[in-house]
There are 2 protein chains.
Amino acid sequence: MTRKSRPPGRGRTATISVPVAGRLHSAAIHLLRRLRQSDKASGISAPRLSALSVLVYAGPRTLGQLADTEQVRPPTMTRLVQAMEAEGYIKRIPDPHDKRVTVLQATAKARKLLDKARSLRVSTVEEMMKNLTAAEIKTLDAAAKLIEDMAKR
Amino acid sequence: MTRKSRPPGRGRTATISVPVAGRLHSAAIHLLRRLRQSDKASGISAPRLSALSVLVYAGPRTLGQLADTEQVRPPTMTRLVQAMEAEGYIKRIPDPHDKRVTVLQATAKARKLLDKARSLRVSTVEEMMKNLTAAEIKTLDAAAKLIEDMAKR
DNA sequence: CCCTATAATTTAGTTAGGCTAACTAATTAG
DNA sequence: CTAATTAGTTAGCCTAACTAAATTATAGGG
C-alpha cells in the first residue's frame, strides 16, 4: 500500500484535514496514555527500549548509526549499549572489513523482551476493543493502515 | 457519543479484533515516535509536561493526588511542582479547610505552553495527512472518535 | 489534652541519561 | 610514509528524576 502522489485539483482536502488532525492527535495521546502503563511493566527504560527496538525490528547496525537514529551523541550510545550488552540484550559483532566498527545485534533475549512488551500492549488494546462492532473494527483497521503509511515518510 | 452496551450475540467480533489490535498498536507507536520530536521543541521535560497537562486539562488537585495519578512519590512531585512553580506554570492555593493541603493550579502561562505544544504536534499530524483523499480523512476521523470512546474507560 | 494519622517538605543519597573534551585505533588520502 | 579522518571509548561533569527516612505542621478522635 504505497501512497499515491496526489495530482493537482485536490480542492479542500487540506482544509478538511485540520480539525481531523486535532482529533487524531487527541485520540493518539489518550490511547498512548493507556499503553504507557503496560510499558513500564517491561522493566526497561525508554531510551533503552527505543534503541533496542530499532535493533530488533529494523535489524543490526553500527553504534554510530544507532546513535544517529536515536538522536544522541556517540558516547551516550556507547553507555546505553554497554549496559544492554551486560544485561544480555545486545551482542557486538566485529566488522571484518573495518576493525574500527562494531555492528550491534539484538539477542534472542531482546526479542523475547520486546515480544512480551508488545503483547502486553496489544492485549490492552484488545481489551479496549472488545465491545466494538465488526464495522467499527474495520474502520480502525483501515485507519491503522493509513497511519502506518503516513508515518512511513 | 457514548459507547452503547453491546447485547449478546456479537459472534466472532473478539476474534476479528485480534490482528487489528496489533496493527492499531503499531500505528500508534509510529505516530507517537513522530510526535515525540515536536514535543521536545516545547522545552519542558516529559514528567513535567505530563503532570502539567493533568492540571491544565483535568483541573486543580492536591500535590498528593497529582503524585498518585503520575505514579510518583510525594517528594518527587514536590520537586517537580517547585520547579514549575518557580517557572510560573503552577500556582499553589491554600486549602481553607485543611492547612496541610495545597491545591495546585495551572497558570495561564501553563495553558499557553500546552496549547503551543499541542499545536506543534497537531501541525505535524496535518503535515503527515496532507496527501490523503477526503475519504481517507473521513476514515481517520471516524477512527479517532472510536479511539476516544474506547480510551474513555 | 493527648495520641495517632495525614499532607507535604526536607534531607541525603542513588541512578540514568545527556553533554564535551580528549583519547586510541584503524582507515584513507596525499 | 606521513597526515587527516573516522569509529568508538574513556573521563569528567551536569541535571533530572527518583527513593527512603526523618521532620514539621495540622487534623481529628477518645
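Throughout, protein chains are lettered first and strands after them, A, B, ... in sequence-line order, and every chain is numbered starting at 1. As a basis for the values below, the full set of heavy atoms in this structure was taken, side chains included, without hydrogen atoms, waters or symmetry mates. Everything numeric in this text was worked out from a predicted model, so none of it was measured.
Under a 3.5 Å cut-off, the side chain of Thr133(A) and the backbone N or O of Glu136(A) do form a donor-acceptor pair. Side-chain N or O atoms of Ser50(A) include none that pairs as donor or acceptor with a backbone N or O of Ala46(A) at under 3.5 Å. In this structure a side-chain-to-backbone donor-acceptor pair under 3.5 Å is present from Arg61(B) to Gly59(B).
Glu148(A) has no carboxylate O lying under 4.0 Å from a charged side-chain N of Lys145(A), or vice versa, which leaves the two without a salt bridge.
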Sugar-phosphate or base contact per nucleotide [nucleotides 22-27 of chain C; S, B, -; heavy atom under 4.0 Å]
---BBS
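Looking only at atom types and distance, the side chain of Ser26(B) has a donor-acceptor partner in the side chain of Arg118(A) under 3.5 Å away.
Looking at residues 43-66 of chain B, you'll see Thr62(B), Leu63(B), Gly64(B) sit with a heavy atom under 4.0 Å from some atom of DNA chain C. In the region residues 77-95 of chain A, proximity to DNA chain D at under 4.0 angstrom, judged on heavy atoms, holds for Thr78(A), Gln82(A), Arg92(A).
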Pair up each side-chain donor or acceptor in residues 74-85 of chain A with any protein partner under 3.5 Å, not counting sequence neighbours, and list the distances.
| from | atom 1 | to | atom 2 | distance (Å) |
| --- | --- | --- | --- | --- |
| Thr78(A) | OG1 | Pro74(A) | O | 3.1 |
| Glu85(A) | OE1 | Arg92(A) | NH1 | 2.8 |

Could you go through residues 97-109 of chain B and list every donor-acceptor pair under 3.5 Å that involves a side-chain atom there, pairing it with any protein atom two or more places apart or in another chain?
| from | atom 1 | to | atom 2 | distance (Å) |
| --- | --- | --- | --- | --- |
| Asp98(B) | OD1 | Arg100(B) | N | 3.0 |
| Asp98(B) | OD1 | Arg100(B) | NE | 3.0 |
| Asp98(B) | OD2 | Arg100(B) | NE | 3.4 |
| Asp98(B) | OD2 | Arg100(B) | NH2 | 2.8 |
| Thr107(B) | OG1 | Gly88(B) | O | 2.7 |
| Thr107(B) | OG1 | Tyr89(B) | O | 3.3 |
| Thr107(B) | OG1 | Lys109(B) | N | 3.3 |
| Thr107(B) | OG1 | Ala110(B) | N | 3.2 |
| Lys109(B) | NZ | Glu87(B) | O | 2.7 |

Tell me, with the steps shown, if Asp95(B) and Thr62(B) meet side-chain contact (heavy atoms from CB on, under 4.5 Å).
CA-CA 9 Å; Asp95(B) 183 326; Thr62(B) 70; 5.7 Å; no
Quick one, Arg121(B) with Ile29(A), criterion side-chain contact (heavy atoms from CB on, under 4.5 Å). Give me CA distance, side-chain angles, the key distance, then yes/no.
CA-CA 10 Å; Arg121(B) 280 179 266 133; Ile29(A) 294 296; 3.5 Å; yes
Give the C-alpha distance, both sets of side-chain angles, the deciding distance and a yes or no for side-chain contact (heavy atoms from CB on, under 4.5 Å) between Leu113(A) and Leu52(A).
CA-CA 10 Å; Leu113(A) 176 79; Leu52(A) 200 54; 4.1 Å; yes
List the steps, then state whether side-chain contact (heavy atoms from CB on, under 4.5 Å) holds for His25(A) with Thr124(B).
CA-CA 9 Å; His25(A) 166 258; Thr124(B) 301; over 6 Å; no
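No side-chain heavy atom of Met128(B) sits less than 4.5 Å from a side-chain heavy atom of Ile147(A).
Val122(A) and Tyr57(A) are assigned to two separate hydrophobic clusters, defined by single-linkage of ILVMFWY side chains at heavy-atom distances under 4.5 Å.
Between the CD atom of Gln71(B) and the P atom of dT19(D) there is a distance of 11 Å, rounded to whole Å. Between the CG atom of Asp68(B) and the C1' atom of dA7(C) there is a distance of 12 Å, given to the nearest Å.
Secondary-structure stems of DNA chain C, taken as three or more successive Watson-Crick or G-U wobble pairs (i with j, i+1 with j-1) under a 3.5 Å distance threshold, comprise C:1-30 with D:1-30.
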